[in-house]
Amino acid sequence: MNFFIMTLFPDMVESVLSESILGRAGEKGLIHTEAVNIRDYSKDKHKKVDDYPYGGGAGMVMQAQPIYDCFTSIRDRINGSYKCIYLTPQGQCFSQPLAKSLSREENLILLCGHYEGVDERVLEEIVDMEVSIGDFVLTGGELPAMVMVDAISRLVPGVLHNEDSAFTESFENGLLEYPQYSRPEVWKDKTVPSILLSGDHAKVDAWRMEQSLLRTKMRRPDLLDEKSEENT
Ligand code: ADE
């Protein structure tokens, strides 16, 4: 799966995506991530990419031309299907189901905005979907783009060592994850729940399911409402 990130800060994106699990997935050829510098496509002699907003107001607006040319340079070397996504607080909220459905795409082109926004005309021309990572405003779309690449990549077969872990954890079954314990058996006078030491897998599974339900009820009852709506 290929991710093309259109950004004014390619170093920021590359430094994150070349590390850890995503870095290894890149080396293994399971994913390909590429930060493409929008500024390289500016036709301005000073490589300017923004200008004042028509109608006045604070801040600068990213201009259409460099973004459009950056996009077409990527699109023209992609074979297969793609989706172009603009990261913005105005978009649809990112979620595990959306990550799952996007992990089936061959190519994702992610547009990171900056300043006060992006000229609406280029958004109309190239963007298939607008996505927000939550109801707060960040200084740019780079961190949201990296959040998306991370959440989607780990669903690509082979990226995680233990294939099970992508499916047993929080949100995959619409519930929060049960508590986990590792050695030692006693730490600061706290003991591991005895059922986990019993070796009885059926009992362990039942306990974990009960804990997941309890946690979800206490911390995120809205998820249980969503689940029951799905089943009606
Ligand atoms: N750009 C700035 N804030 C954002 C957010 N919350 N989600 C996606 N893109 C953004």
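In each ligand, atom 1 is the first atom listed, and ligand 1 is the first ligand listed.
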**Study point:** Gly141, any N or O under 3.5 Å of ligand 1 N or O
**Key:**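 No, no N or O pair falls under 3.5 Å.
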Review point. Between Gly134 and ligand 1, is there a nitrogen or oxygen pair with a distance under 3.5 Å?
Key: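 Gly134 vs ligand 1: N/O contact under 3.5 Å present.
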Point to revise | Region of Pro144 that comes within reach of ligand 1 [heavy atoms, distance under 4.0 Å] | key: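 The side chain, only.
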Check your understanding: Roughly how far apart are Arg121 CZ and Ile126 CD1, rounded to 0.5 Å?
Key ->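 If we round to the nearest 0.5 Å, Arg121:CZ and Ile126:CD1 are 13.5 Å apart.
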Review point. What distance separates Met1 CE from Glu106 CD, expressed to the nearest 0.5 Å?
Key: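 Rounded to the nearest 0.5 Å, the CE-CD separation comes out at 9.5 Å.
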Check your understanding: Side chains of Met146 and Leu22: closer than 4.5 Å at any heavy-atom pair?
Key ->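 Side chain of Met146 against side chain of Leu22, heavy atoms only: no contact under 4.5 Å found.
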Review point. Is any side-chain heavy atom of Glu34 closer than 4.5 Å to a side-chain heavy atom of Asn2?
Key: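 A side-chain contact is absent here, since even the closest heavy-atom pair is not under 4.5 Å.
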Review point. Looking only at non-hydrogen atoms, which of Leu110, Leu143, Leu138, Ile133 approaches atom 2 (C) of ligand 1 most closely?
Key: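 Shortest heavy-atom distance from atom 2 (C) of ligand 1: Leu138.
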Review point. For ligand 1, is there an atom lying under 4.0 Å from some heavy atom of Thr139?
Key: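 Judged by the 4.0 Å heavy-atom criterion, Thr139 does not count as contacting ligand 1.
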Exercise for review: Give a yes/no on ligand 1: does Gly140 have at least one heavy atom closer than 4.0 angstrom to it?
Suggested key: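 Yes.
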Relative to the heavy atoms of [X], which atoms of ligand 1 are at a distance of less than 4.0 Å?
X      : answer
Val131 : 8 (C)
Phe136 : 3 (N), 5 (C), 6 (N)
Leu87  : 8 (C), 9 (N)

Practice item. Determine whether the side chains of Thr88 and Glu130 contain a donor N or O and an acceptor N or O closer than 3.5 Å. Key: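 No, no side-chain donor-acceptor pair sits under 3.5 Å.
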Check your understanding: What's the verdict on side chain to side chain contact (heavy atoms under 4.5 Å, CB included) for Asp69 and Lys43, showing C-alpha distance, side-chain angles and the deciding distance?
Key -> CA-CA 10 Å; Asp69 290 355; Lys43 293 203 167 108; 3.0 Å; yes
Review point. Does a sphere of radius 6.0 Å around NZ in Lys47 hold more than 12 heavy atoms from other residues, nucleotides or ligands, not counting ones at 6.0 Å or beyond?
Key: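 Enclosed.
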